[in-house]
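Worksheet for the structure shown next.
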Amino acid sequence: MDFSFGSEYEAFRETVRVFLGENWPLRGEEADLSESERARRFRRRATEAGYLYRNIPRRFGGSEQPPDLLEAQILREEFGRARAPMELTGQGPQMVVPTLLEWGTEWQQERFIPKTVEGDYVWCQGYSEPGAGSDLASLQTRGERVGDEWVIHGQKIWTTHWNRAQYMFALVRTEPDASKHEGISYLLLEMDQPGIDVRPLKQITGASEFAEVFFDGARTPADWIVGERGQGWRVSRSLLKHERNMLGSGARAQGLFRSLIRLATRVERQGHKAVDDPMVAEKLVELMGYVRSQQYSSYIQLTRELQGGESGLLPLLNKIGNSNIAQQISSIALSLLGSDSLLAPGANPRGTTSGNEKWMNQFMGSLGESIAGGTSNIQRNIIAERGLGLPRQESPASKDEAGGER
Amino acid sequence: MDFSFGSEYEAFRETVRVFLGENWPLRGEEADLSESERARRFRRRATEAGYLYRNIPRRFGGSEQPPDLLEAQILREEFGRARAPMELTGQGPQMVVPTLLEWGTEWQQERFIPKTVEGDYVWCQGYSEPGAGSDLASLQTRGERVGDEWVIHGQKIWTTHWNRAQYMFALVRTEPDASKHEGISYLLLEMDQPGIDVRPLKQITGASEFAEVFFDGARTPADWIVGERGQGWRVSRSLLKHERNMLGSGARAQGLFRSLIRLATRVERQGHKAVDDPMVAEKLVELMGYVRSQQYSSYIQLTRELQGGESGLLPLLNKIGNSNIAQQISSIALSLLGSDSLLAPGANPRGTTSGNEKWMNQFMGSLGESIAGGTSNIQRNIIAERGLGLPRQESPASKDEAGGER
Amino acid sequence: MNFDLSEEQRLLESSLDRFLAERCPVARVRELFDSGEGLDETLWRGLSELGVMGLHLPEEYGGSGLELLDLAVVAEAFGRHATPGPFLEHVLGGLAIALGGSEEQRSRWLPGLASGELRVSLALAEGEDRWQPEQWQLPGGARVSGVKEHVPHASGADLFVVGLHGGTLGLVEGSDPGLRGEPLEILDRSRPLSRLHLDGAGCDLLPRGAEAAPRMRDAGLVLLAADACGGGIACLDLAVAYAGTREQFGVKIGSFQALKHQLADMAIHIHPARGLFWFAAHAFEHVPEESAVSAALAKAHLTDRFLDVARASVEAHGGIGYTWECDVQFWLKRAVFDRAFLGDPSCHRRRVAEQMDWSE
Amino acid sequence: MNFDLSEEQRLLESSLDRFLAERCPVARVRELFDSGEGLDETLWRGLSELGVMGLHLPEEYGGSGLELLDLAVVAEAFGRHATPGPFLEHVLGGLAIALGGSEEQRSRWLPGLASGELRVSLALAEGEDRWQPEQWQLPGGARVSGVKEHVPHASGADLFVVGLHGGTLGLVEGSDPGLRGEPLEILDRSRPLSRLHLDGAGCDLLPRGAEAAPRMRDAGLVLLAADACGGGIACLDLAVAYAGTREQFGVKIGSFQALKHQLADMAIHIHPARGLFWFAAHAFEHVPEESAVSAALAKAHLTDRFLDVARASVEAHGGIGYTWECDVQFWLKRAVFDRAFLGDPSCHRRRVAEQMDWSE
């Protein structure tokens, strides 16, 4: 066991530090630019230096570096320390770009990747449907080939970034006679067109992060399909794997835990800080056992990926571990909040910015964990069947269930 | 809501008190008899007075009283207060006698009920089999009609009272060509015969409350069958219902909870009684919510049975509620025990009779809860399907599962 | 021996169920929730005509002279239907005056409260979750000044029962110029809350306020427990209904064993707990030595279970459970309210622990 | 950056697995359990020859000069195989002498301990669960008198490391006439315990005992956590194997969704927790400021999870899980031991809470 990076990597770290010291924050005239423009300029320089978009070819706006998880880790640490902008997040850079790199045609890559990496193109996802739920592959939105176009009818739900996205990547049933998983294609389409109607979906918190999207003869060119007709399910799987990794990292649990600690040191109970109550403190320590387990597990995975080995069960357990922790944290937070829990998420109690109100968002949000990336019950099936090798259930439902793992 | 019994019943209570004052404990010469002989004589008198074995006809040694749950409740209270012996417990009086009253022939009733009520006949149960488990109806022990006898081959497990029983009541497959549930008969048999081999089954605690019973050509007369050939499953169901009620009453949870309180007032933590530790006290109060729920639920059931009404879901929830409470109690007890948990169940720490050691028995025992009366998973299926009306699973297993509810 | 509701109570229960199904179905709850009104005047008048507001008040003042258990039956029905409105504080305010007021105070206020013509609210909580009478710090007197938190339906109330230092109670009229309500943004929109600023408001002390205050609190705990019980059962019923209709992988999701067991566990949590509030309500009048403990226990246990069941119901609904469109949201938010209002479960468990003599 | 075992450690792990599968399979564990012997001389010699007993001791005294993580790899393998015997106290006793002893004490004892020719035990606990150095009350001196609880494998030990008032340590030889061991009836027969009566026994104080004692305790917590991790994984593996072979209702019980999810939850409990003891072991030598906290956290978390998983494994086995014949019993009892020995999870969580600066 060795937590150092070795001298070669420490040299790399030093170079990164020098770069950051010189380039962030922007100086001179550039310091007066808008925040987004400053970030854009910095990202461009950091990419030229080889620090961002490392897996993307230079011709598509990336820095085309050989994969190196340790360098990636060092970059995360140093950029984080300097509070410098890292790669753009969101479904475009994190989902569409890797998919196009793996499955897209040359013209699709040229057309979409550079602008997505720059942040000019924003994407939304069209996977889930109201009738499908965790049985994603039963989706009904259909696409018909009419001349040089796909004509799309149907409905999607849980579409994020709907208010900013110019493009959607969607799973659409194009081969109605094929079997459930073989009849789906992966299409790209423009959002701003008459055949598309976007209706924001209000969540239990009152906010609208998601929308429903209705297609009534929406159109997209024939060659905006990624992969072959009927290959859409496979194309999308590589993304889900990616998404699952994103959700599974230990960092989110640690962040939530630190916030909870801050809450417990801020809230008073009978004249004492809550954190000084032995019951509260013991609960926090119990939770800390789970949080650190999650953190170390992600280090173990990282190590094994570095060495090209198998990390076994751990990646399957990651996501559900994070959901469990988020739920525990919400429950403890709710007890700490006391009467502040009566207030709306986002409300501002006592006219001070105590920050307690955001915990009601977190509490509600912990219930919504299951929407992104597969529900806990489906995940448990996968752990049992793929991870522990238990027999598939004999019912007809079972095959689909493990297939439609979302 | 009214917790009084009304003047008529208070008069009954007074009569019972007078009876007990005159008859228990025994006086004069009778006071020197053995404990069991004293109990036997008292029971005989209490039965003559109409207080015990109230649902059993007088000709079979009962007192043949009209059913009256309130009188029954008063008798429980007053006999309990006077510490007077109540009806014999065990599978003979509680399972065989009601079954014979419902299903037995006149000669079977005469032959077995009086001596069982007197305590002369002790019974053991032959239901479970090693291969069957919760799928009880898949039992394989077979009985063949040979002349005037049943000849039995096979094996039973989880047989209690094996060390004292002269008789067994058993489920045996006598109709191999019938469907699973229709092929079973309910047979009585003598334990002391060459075709039977009883092997004590050591439990995880080291004790042997249970035995395995091997049949290799064991014999019983043709007319020792209760009900018709192939009716055994139905005959046994009335018993299980009865047993489930026994297990479900709130009294057991209350008793365990009181013991836990005594443990918490006895055990010291850093110089204080554990019960004075705020964390321990809060856990006890939390548990108290469950214990009282269980207690009041049993009152509600009692009330509704009194009024001949339906008690809805409650009886289905009872048993699993008790198991859950027993497990919670065991867990808290284990924390209170500290290093005493290192000792064997039944061991006597520090040479004093602290009584802590019996908690390791309880801890282990709470794991064995599921053996008697159906496992928790099966019980949850029943609650969901019968209680909440959810659809049966489409798999072939499902029908059996709800049928073989043990 | 009868541990169950009486015939009359069942009649009350079923007539309320019918009334609420007709006059305040869940679609109406949604309207009120969306608009943030929280008070439906028509509903209030209808319920008042049914006699709900004076159920527990003496007959000489226009009440029905019934007991806390009857009120609790009403509260459970309100929980079951997620009924919005100022019921809880109104009946508690009336109770406080009936128990702690002078003859003059009772004659002046109770008839109007019983008929529903006047509306009373409660101003109890202070900062740092000081809900309990022994924690109140607002100095009493002919005029009072200070701040009270989480005052329900303050807007339009004719009267406030205000908790004062020493655990006593005073009456402040809604029209007093020294009063200012500051509406809070709240989670459960069916029961809006305000911060109440008192600035030299005129205050009429209840002569037996110090005895009435803990009794009123105990009654409030019982009614919240009853609401939680009704709400919890509604959450289970919603989830069961959804599981029996929604299909995935070609079958009803209610046929999946994992979901079945989750629904069974919900039933195991909520159904057997009903007796807790029944007994606590009964004890309020009939077993005084058990009243405080059983009320606190019922509130702690049932509001915790309500929240468990509400969370589980959201999960059982899958993604849709997480939307504003799904009705479960009303109960989830109600569960959070029931749990926090008048003090959270942990606070009441500690109170029980302090009052228990474990060595018995 | 490498958060994993080294090649050498994996080699050690797999060679131990092979060794234990051959020399101490579960059938042998059962024999020792039934006979109550607890010490298998042949196994002890075999392990000693593998170098296990001196893995962590300095090379100059015949040890291998390795680190706590290497010992923890051994402990996890022992937990996985439910290996009986006096490993834990022996390596901790050696560590205490290495860390706290004089040159003379080290030369006299360590070579024998490293080779396994001599056996050392630990006498730490006193009444009311006083396991921690700061709680010891036994007065130290050239002669000591008093009682120590829960002393493992006392019979036949050549030496005892004894915890003394002020958190220091002393050595008492097994042959001292002032010693009397009183065997206790114990739950986990693979690790027998005695009450040790000291009556003027000769005592050789460790000069740096006060520094060594908490370090020894921390190492003990790590090794118990490692044992718990191995044991928990074994419980899961047993349950999975059973679910994959046992049939009910005509199908493998492992195809029932409810059982699948219970087994998945076991995996979720135990597998991700392994890093806790790895890091705590690493911190023992390399991150001293984190050592005490991470050791206490690992012990509290992993022994709780081990017990969870062991209980769940018993349940997953159904009725048979409740019998003496079923192998799960060895791990269930081992879980109770790991949880209680050196102080229970709650005690260590409180220790962590005291050492945390939450405001950081």
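First the proteins, then the strands, lettered A, B, ... as listed; each starts at 1. Here the structure is a predicted model, which is why all the values come from computation and not from measurement.
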CZ on A:Arg392 to NZ on D:Lys252, rounded to 0.5 Å: 15.5 Å
Main chain of D:Pro272, side chain of A:Ser297: is a donor-acceptor contact present, judged purely on distance under 3.5 Å? yes
Shortest non-hydrogen contact from D:Ala267 toward A:Ile383: CB-CG2, 4.4 Å
Relative to chain D, which segment of A:Arg304 carries a heavy atom at a distance below 4.5 Å: side chain, backbone, both, or neither? side chain
Residue-level interface, residues 289-309 of chain D with chain A, non-hydrogen cut-off under 4.5 Å: D:Glu290, D:Val293, D:Ser294, D:Leu297, D:His301, D:Arg305
From A:Ile300 CD1 over to D:Arg274 CZ, what is the distance, rounded to the nearest 0.5 angstrom? 7.5 Å
Measuring from A:Asn377:CG to D:Gln257:CD, what's the distance to the nearest 0.5 Å? 6.5 Å
Where does A:Leu314 contact chain D at under 4.5 Å (heavy atoms): side chain, backbone, both or neither? side chain
Chi angles and distances behind the side chain to side chain contact (heavy atoms under 4.5 Å, CB included) call for A:Tyr299, D:Asp4: CA-CA 8 Å; A:Tyr299 293 166; D:Asp4 209 340; over 6 Å; no
All pairs passing side chain to side chain donor-acceptor pair (under 3.5 Å) where residues 264-273 of chain D contributes a residue, at least two apart: A:Arg380-D:Asp265
In short, D:Ala353 meets A:Ala281 closest at the heavy-atom pair CB-CB, 3.8 Å
Take atom CD in D:Glu134; do more than 12 heavy atoms of anything else shown fall under 6.0 Å from it? yes
Do D:Ser346 and A:Glu282 touch side chain to side chain, with heavy atoms closer than 4.5 Å? yes
Look at D:Leu69, D:Val240, D:Leu259 and state which one has the largest set of heavy-atom pairs under 4.5 Å with chain A. D:Val240
Please evaluate residues A:Asn381 and D:His261 with respect to the criterion side chain to side chain contact (heavy atoms under 4.5 Å, CB included), reporting the C-alpha separation (whole Å), side-chain torsions for both, the decisive distance (0.1 Å), and the verdict. CA-CA 7 Å; A:Asn381 282 355; D:His261 288 199; 2.6 Å; yes
Output the distance between atom CZ (A:Arg292) and atom CZ (D:Phe279), rounded to the nearest 0.5 Å. 6.5 Å
Return the CG to CE distance between D:Leu276 and A:Met288, rounded to the nearest 0.5 Å. 9.5 Å
What distance separates D:Ile268 CD1 from A:Lys319 NZ, expressed to the nearest 0.5 Å? 10.5 Å
Begin from the C-alpha positions of D:Phe3 and A:Tyr296 and carry the test side chain to side chain contact (heavy atoms under 4.5 Å, CB included) through to its verdict. CA-CA 8 Å; D:Phe3 198 101; A:Tyr296 298 149; 3.7 Å; yes
